[in-house]
Amino acid sequence: MQIKTKNIFQVQFIFVKVCLPTFAEDLKFMARKSFFIETYGCQMNFSDSEIVASVLKDNLYEFEPDLKKANLILLNTCSIRDHAEQRVINRLKHLKALKGKNRGLIVGLLGCMAERMKEELFEGGVVDLVAGPDSYRELPRLIESIKSGNRAFNIVLSAEETYADIKPVRINSNGISAFISIMRGCQNYCSYCVVPYTRGKERSRQPETIVAEAVDLFSRGFREITLLGQNVNSYYYNSVNFPKLMMMVAQINPALRVRFATSHPKDLSDELIQVIASRPNICKSIHLPLQSGSNAMLKLMNRRYTREYYLSRVEAIYKAIPDCGISTDIITGFCSETDADHCDTLSAMQLARFDYAFMFKYSERAGTAAADKLNDNVAEDIKTTRLNEIIAMQQQLSLESNQKDMGKLMEVLVEGTSKRSKKQLTGRTSQNKVVVFNDTTHRGGDYVVVRITDCTSATLKGEVEE
Ligand code: 5AD
Ligand code: SF4
């Protein structure tokens, strides 16, 4: 009996000895309010993560760049294609192991997947918080409610929220380029796209707040801003349209470069083209998603323009701005796409002479018009073959475009040292092309005139012009 008691005592003692420090560490871990945020998908999401960082910092959370040390881990997610969602699902498996080790670790899912998958995201037992893109002001309250043992959930979409008064904390920035979100939502309802359902109705932000944000960034040493929205051409606030807004921002300082993304071809106005042509600090670069070069596909996609109209817009751009860089998005293997439709895309790419393209296989998204009414009937291997042909075509076009720049003098905004060598700098031209050149005298944020001497399909190489 005595021995038994002693044994029990010993067991308890060992238990206390082993567990006390871990318990204390757990308490310490939970007392510190730190967050890590990982962003998936489009530039808009990266911009949103900086808004989230601002809301949390105002509530005394500190940004923790090391995922293992944070006691709040947020994934800002994307639903545009199945692949994007699968990456997040895999990430959650990894976080499950981390959650087992760190008592009190909170995992939150933000962004489009939160909006699309809703409570389903709680099912794996890893996620404590699900918050859609219009509920980020609510995050501190939602997190507090988890601490009292609940799961937190808010996916209400707003018709007004623009986060205009929130000053983003630039966690994703290199100190030279920054995003400014000017509008949110999309109501174009392209038949394949989930965005109108996950991000809600279009709404624009007051121009004064946008200009004030750009002025502040410039005074802090930033030299390039990108005005962001799902469809910036739809920007409209109290008689200020997008071309007028661009002009207001470009007038802040000639040393501040202005870019924008993304435009819908149906709304790309002559007024906007003229504004881009008129100011040297508005970058000569337009992202204009084509999606398909086939009129039959464009109709099924509900893009509301024809191949001919798209190409006439491209010609209007080249006429007003001969050195303009044009990039695009292309979806291959959309519902019932034939070889002839695919060839139309290849020929449209050649006619438009794109400098760069983001190219994707069609991925059916539940709830979209295409998923409801059309058939995702192009076989996976055909989608792959067509995608490879489109990629090869774009590589050729990018190479040809870069070869045309040989011998030219180009103004480069330096972003930093190149990955390959500390003796080389890298930066971008107004057309958004990457330039690498030997130089140790300049630094990030400087403008340098470079003569282009060599190129690949991806990069221009050059020498500083003395
Ligand atoms: N499948 C494949 N690509 C898509 N995109 C949007 N929805 C889908 C989808 N369901 C592409 C379009 C868009 C870009 C952001 O993503 O090309 O312009
Ligand atoms: Fe999606 Fe079309 Fe809106 Fe772009 S314009 S976000 S592709 S619905």
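For ligands, and for the atoms within them, numbers begin at 1 and follow the listed sequence.
In this structure, the side chains of Cys324 and Ile317 come closer than 4.5 Å at one or more pairs of heavy atoms.
In this structure, atom 2 (Fe) of ligand 2 is in close contact with the protein, since a protein heavy atom lies within 4.0 Å of it.
Closest heavy-atom contact between Pro207 and Val240: CG-CG2, 3.9 Å. Pairing each heavy atom of Arg170 with each of Glu213, the nearest pair is NH2-OE2, 2.5 Å.
Every residue was checked against the ring-ring contact (aromatic ring centres under 6.0 Å, His included) condition with Tyr192, not counting sequence neighbours, and none meets it.
Of the inter-residue distances, the one linking Ser269 atom OG with Asn241 atom CG reads 7.0 Å to the nearest 0.5 angstrom.
Closest to atom 7 (S) of ligand 2 among all protein heavy atoms lies Tyr192 OH, 3.4 Å.
Both the sub-6.0 Å distance and the 45° axial angle are not jointly satisfied by Arg313 relative to the ring of Tyr305. Note that Arg116 lies outside the cation-pi zone of Tyr197, set by a 6.0 Å cut-off to the ring centre and a 45° limit from the axis.
Within the protein, the number of N/O/S atoms found under 2.8 Å from atom 2 (Fe) of ligand 2 is 1.
For the residue pair Lys419/Thr426, the side-chain donor-acceptor check at 3.5 Å is not satisfied. Under the 3.5 Å distance criterion, with hydrogens and angles disregarded, a donor-acceptor pair is assigned to the side chains of Ser234 and Asn231.
Annotation: ring pair (Phe, Tyr, Trp, His ring centres under 6.0 Å) contacts involving residues 270-298, sequence neighbours excluded, comprise His287-Phe358.
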What are the polar N/O contacts of ligand 1 with the protein below 3.5 Å, with distances?
from, atom 1, to, atom 2, distance (Å)
ligand 1, 1 (N), Ser363, N, 3.0
ligand 1, 3 (N), Arg81, NH1, 3.1
ligand 1, 5 (N), Arg81, NH1, 3.4
ligand 1, 10 (N), Tyr192, O, 3.1
ligand 1, 10 (N), Ser363, O, 2.8
ligand 1, 16 (O), Arg81, NH1, 3.0
ligand 1, 17 (O), Gln291, OE1, 2.6
ligand 1, 17 (O), Gln291, NE2, 3.4
ligand 1, 18 (O), Gln291, NE2, 2.9
ligand 1, 18 (O), Asp329, OD2, 2.6

